[in-house]
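See below for the structure under consideration.
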Amino acid sequence: MTKTQNNRAWFLVLPVLVLVAMNAIIPLMTVVNYSLQETFGDNLFFWSGTDNYVAVLHSPRFHAALLRQFAFTFIILLIEVPLGVAIALAMPRAGVWSSVCLVLMALPLLIPWNVVGAMWNIFALPDIGLLGWGLNALGINFNYTNQPVSAWFTIVLMDVWHWTSLVVLLAFAGLRSIDEAYYRAAKIDGASRWAVFRYIQLPKMRQVLIIAILLRFIDSFMIYTEPFVLTGGGPGNATTLLSIDLVKAALGEFNLGIAAAMSIIYFLMTLFVCWLFYTLMTQGKEDAA
Amino acid sequence: MAEITLDHIRHAYGPAKSRDDYALKELNHVWSDGGAYALLGPSGCGKTTLLNIISGLLTPSEGRILFGGKDVTGLPPEARNIAQVFQFPVVYDTMSVAENLAFPLKNRGVPAAEIKARVARVLDMLRLTAIADKKAAGLTADNKQKISLGRGMVRDDVAAILFDEPLTVIDPHLKWELRAGLKRLHREFGHTMVYVTHDQTEALTFADKVVVMYAGEVVQVGTPEELFLTPTHTFVGYFIGSPGMNVLPVTLEGTTARVGGEEVALPAAFAAPAGARVELGVRPEFVTLGAEGLAFTTTRVDDVGREKIVHGTIAGRDVAAILPEGAEVPAEPRARFRLDRINLYADDWRLAPATKEPAA
């Protein structure tokens, strides 16, 4: 058979190219475009160079939102990763109960994000919500609508409830991939439960845990819907995380240039962290090879 | 180190109503201290079941197992003082080679100075000293298997070292070397070793005694020579050797056997139980082709280098003969069997000669 050269085959890639252009490249470039200009409405734009970036990077409001964002992501990672691993370790490894656990664990992941926000909004209400009412009945002064600590407690708890399952499922998959021979060998070697975890389970879960941390980092760093529905960023600015601040600037104050510059900075930060994780993961593989 | 006694062991995975329900049929053996035993058989013959019973992963449905006279039937693997090398290498990835070897000792609270000394000795024994500080994760499969073995050898309380098809993932050219190393370690240190495999070469080169299993039953325990010369079951004849033993259905008449219409002289008189299926077994090594004997129809000749394997039929049954390299295959060959290498079988089990007198 002779091979025929047919460059028209490239046209087959065209639909994908159009799709990616429409929903990724064009919007991104629009944002870059906005971030370099000043607008006063009426579709009037003036070139302003890097002014917007300088303004954002020097803005105390941005610093505060960024700090809150990092604090939030750090806290939920600190809770969700160890908790997820612990639950995965405690789950039965085979049989009917294993399937039951997996289904139960997957449930929170299936609930739409705004519904999660609405659920916790009601659940934590101090007067009619079970959680809010219960805490107050225990003598704890809890009201997420006017106390920053209560609000933070609620959004962290909500995120842990919503997303720990993801870590559980990934960690469980990692555990399942460990051959039974490892556990037998460890038994024969007289290893303690802790040694089994430290020297067999943890090293074997390393790759999936990095993926779990990466996913939870990105998702929590971009979190919007749930806190928006739950607290709307309040009380005051107490739970105004980066994306909420961004939407306030763009749609609340119609400060397109500033919001666009914020978006780009936000995007670059996320990209940097992804790159960091990617490097970590690929290096880990080279070590193992 | 210890003697292993298998006292009327039987095992069924489910409820056992008939003999066929047992994955492992009754077994009653004593394996001597310091022996090298190979459990040989095809997949599903029960050799892994037996190994798991010895290691303690399975408790037999019936019978007792004793290590050095001590009943360990109910004890879990960790309480039995055994070491095991698995089919796939098990190493602790994050530890170095030396740390891997030290691990079982650390877990047992052995003093640091003694750990160091013993690890150094085992590293030397296994020729791993040069890579002692390397991470175990990056090693080749054969070195990983050596580490698995080493974790058993550092302990001084090991009753037996069990091998579960340990060379499955090793490159063919390294298999010989590892097996030779294993043999050397066995000679020098005298651990009781039990080696499970479906590869006859591995079993025959490794073991002093080969335990051949077939359909949940131990059909023969013997030295490689015994398995070769006097297989007690047609399966042993067929499974050991390449090609396996020729088996021909015969009818017995005192010191002769009838194959088809022709007669074969037997070394002695044999008597088979009435109604039994009687067969004659002779290895291809002891079949000669010449001008006299049974009519032999050649179907194929394989030249395998230092010898020729002639495939053919006698009275419609497949028979193989091994001829030295350079020997000619006659145009109309007739086959003779070496008299003292003929075995007779009734319902697959070897018959003992009725009289010791060899036929004239």
Side-chain angles (χ1 to χ4, degrees), chain A residues 81-82 84-86 88-89 92-96 98 170-213 277-289, chain B residues 48 51-52 55-58 75-96 99-110 134-140 144-145 147-155 157-162 164-166 168-169:
Chain A
V81 174
V85 170
L89 286 172
R93 236 175 277 151
V96 182
S98 175
L170 284 167
F172 188 71
L175 285 174
R176 278 274 284 265
S177 72
I178 301 174
D179 194 283
E180 192 55 37
Y182 278 89
Y183 296 114
R184 292 187 195 168
K187 262 193 177 176
I188 288 168
D189 289 338
S192 62
R193 184 69 195 81
W194 165 251
V196 170
F197 174 70
R198 169 72 185 77
Y199 296 112
I200 296 173
Q201 292 171 323
L202 200 58
K204 296 280 172 198
M205 278 195 292
R206 183 171 176 268
Q207 294 291 325
V208 283
L209 281 185
I210 290 176
I211 292 172
I213 293 171
F277 273 98
Y278 179 77
T279 318
L280 257 173
M281 275 162 68
T282 43
Q283 262 183 359
K285 272 195 191 124
E286 275 162 26
D287 285 348
Chain B
T48 302
L51 190 78
N52 287 343
S55 73
L57 287 167
L58 268 179
L75 294 182
E78 58 270 33
R80 286 194 180 187
N81 290 334
I82 45 126
Q84 188 162 357
V85 179
F86 296 89
Q87 195 167 3
F88 298 98
V90 175
V91 295
Y92 303 104
D93 288 341
T94 53
M95 296 185 202
S96 73
E99 284 166 343
N100 257 283
L101 297 182
F103 190 61
L105 300 180
K106 265 190 200 150
N107 291 329
R108 287 172 173 78
V110 175
K134 272 205 170 180
K135 276 260 185 294
L139 299 180
T140 51
K144 284 186 180 178
Q145 279 303 45
I147 296 174
S148 312
L149 172 62
R151 284 204 311 271
M153 304 202 64
V154 284
R155 289 161 48 195
D157 59 350
V158 171
I161 304 182
L162 313 180
D164 189 1
E165 310 202 9
T168 309
V169 294

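In what follows, every heavy atom counts, from backbone to side chain, and hydrogens, waters and symmetry copies are set aside. First the proteins, then the strands, lettered A, B, ... as listed; each starts at 1. A quick note: this is a predicted structure, and the numbers were derived from the prediction, not measured.
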Rounded to the nearest 0.5 Å, what separates atom CG in B:Asn81 from atom CD1 in A:Ile188?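 So the gap between those two atoms works out to 11.0 Å.
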Using a 4.5 angstrom heavy-atom cutoff, name the option from B:Leu57, B:Val85, B:Asp164, B:Asp93 with the most pairs to chain A.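 Most heavy-atom pairs within the cutoff with chain A belong to B:Leu57.
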Show, in sequence, the C-alpha distance, side-chain angles and deciding distance for B:Arg108 and A:Asp189, and conclude whether the salt bridge (Lys or Arg N to Asp or Glu O under 4.0 Å) test is met. CA-CA 9 Å; B:Arg108 287 172 173 78; A:Asp189 289 338; 5.5 Å; no
Quick check on the structure: residues of residues 177-187 of chain A within a heavy-atom distance below 4.5 Å of chain B, by number.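 Within residues 177-187 of chain A, near chain B: A:Ala181, A:Tyr182, A:Arg184, A:Ala185, A:Ala186, A:Lys187.
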For A:Lys204 and B:Thr94, run side chain to side chain contact (heavy atoms under 4.5 Å, CB included): C-alpha distance rounded to whole Å, both residues' side-chain angles, the deciding distance at 0.1 Å, then the answer. CA-CA 10 Å; A:Lys204 296 280 172 198; B:Thr94 53; over 6 Å; no
Tell me, for [X] versus chain A, whether the close heavy atoms (under 4.5 Å) come from the side chain, the backbone, both or neither.
X	value
B:Asn52	side chain
B:Leu105	neither
B:Arg155	side chain

